[in-house]
Amino acid sequence: MGMLDQVKQAMQARKEAKRIQAEIDKISYTHQNGGITVTVKGDCSIGQIKFTDEALTELRAGKTERFETLLKTVLNVAVANVRTQTQQLMQRVMKEGGFPGLPGAR
């Protein structure tokens with residue numbers, strides 16, 4: 001493979017990586033339970049956290065452990081869903097041919 005071919009492959013891989021990142025950026029999942037709503041984005045960052053008065057009542061009543069457990073559960077469900085969506089995206093990309101020059105590529 002010549003130098004020009006390697007440069008073309010690198011440019012194609014970079015373009016593909018940007019396309020995949022744009023798809024990952026579209027992934028989002030919102031989960032709600034017990035007055036806590038959490039949105040997690042495709043890069044696993046937290047997009048939003050909201051608490052209703054119901055959830056805050058637990059805190060005001062001194063039930064911090066219950067509130068923390070609920071928050072952790074809501075976050076874990078949202079993160080797990082985003083992870084699943086991201087894995088499905090990557091499996092689809094690899095099935096379609098993936099990055100040129102990488103294993104699994106056509």
Side-chain angles (χ1 to χ4, degrees):
M1 179 185 312
M3 181 71 156
L4 187 57
D5 290 334
Q6 288 177 334
V7 171
K8 283 182 183 178
Q9 264 195 341
M11 288 173 65
Q12 181 63 32
R14 185 169 180 225
K15 182 179 174 186
E16 183 73 1
K18 282 185 177 185
R19 185 181 71 80
I20 292 168
Q21 187 59 53
E23 290 297 314
I24 288 172
D25 289 345
K26 291 178 191 174
I27 293 173
S28 176
Y29 186 78
T30 300
H31 188 68
Q32 181 177 357
N33 190 5
I36 299 174
T37 304
V38 173
T39 300
V40 176
K41 298 190 276 185
D43 63 359
C44 286
S45 65
I46 306 300
Q48 184 178 60
I49 297 179
K50 287 186 176 182
F51 306 107
T52 63
D53 284 341
E54 173 193 355
L56 296 177
T57 299
E58 297 285 325
L59 277 178
R60 289 186 197 110
K63 298 177 182 174
T64 56
E65 196 171 302
R66 185 173 171 185
F67 177 86
E68 290 164 356
T69 300
L70 187 58
L71 178 58
K72 184 172 76 173
T73 301
V74 172
L75 277 165
N76 282 332
V77 169
V79 167
N81 189 286
V82 164
R83 185 181 304 124
T84 298
Q85 289 183 60
T86 304
Q87 287 171 344
Q88 289 170 348
L89 170 68
M90 294 310 294
Q91 287 171 354
R92 193 173 73 237
V93 166
M94 294 312 287
K95 189 176 178 184
E96 292 170 359
F99 292 108
L102 290 182
R106 287 185 206 143

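Scope of the values below: all heavy atoms of this structure, side chains included, with no hydrogens, waters or symmetry mates.
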Roughly how far, to the nearest 0.5 Å, is the [atom2] atom of [Y] from the [atom1] atom of [X]?
X	Y	atom1	atom2	value
T84	L89	OG1	CG	12.5 Å
L56	I36	CG	CD1	8.5 Å
M11	K15	CE	NZ	9.0 Å
I27	N81	CD1	CG	9.5 Å
L75	L71	CG	CG	4.5 Å
E65	E58	CD	CD	12.0 Å

Audit row: K18, Q21, side chain to side chain contact (heavy atoms under 4.5 Å, CB included) steps and yes/no:
CA-CA 5 Å; K18 282 185 177 185; Q21 187 59 53; 5.6 Å; no
Any side-chain donor-acceptor pair under 3.5 Å between D5 and Q9?
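No, no side-chain donor-acceptor contact under 3.5 Å.
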Which pair of non-hydrogen atoms, one from [X] and one from [Y], has the smallest distance, and what is that distance?
X	Y	result
A55	G34	CB-O, 3.6 Å
A78	V40	CB-CG2, 3.5 Å
S28	V82	C-CG2, 4.4 Å
D43	I24	N-CG2, 4.2 Å

Could you check H31 against N76 for side chain to side chain contact (heavy atoms under 4.5 Å, CB included), going step by step and ending with a plain yes or no?
CA-CA 9 Å; H31 188 68; N76 282 332; over 6 Å; no
With sequence neighbours excluded, tell me which residues meet salt bridge (charged side-chain N to carboxylate O under 4.0 Å, His left out) with E23.
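For E23, the residues satisfying salt bridge (charged side-chain N to carboxylate O under 4.0 Å, His left out) (neighbours in sequence not counted) are K26.
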Report the C-alpha distance between T30 and V38 in whole Å, list the side-chain angles of each, state the deciding distance to 0.1 Å, and finish with yes or no for side chain to side chain contact (heavy atoms under 4.5 Å, CB included).
CA-CA 6 Å; T30 300; V38 173; over 6 Å; no
Do T57 and K63 come within less than 4.5 Å of each other through their side chains, counting heavy atoms only?
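No, their side chains stay 4.5 Å or more apart.
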Quick check on the hydrophobic clustering: are I46 and F67 connected, directly or via other members, by side-chain heavy-atom contacts under 4.5 Å?
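Both belong to a single hydrophobic cluster.
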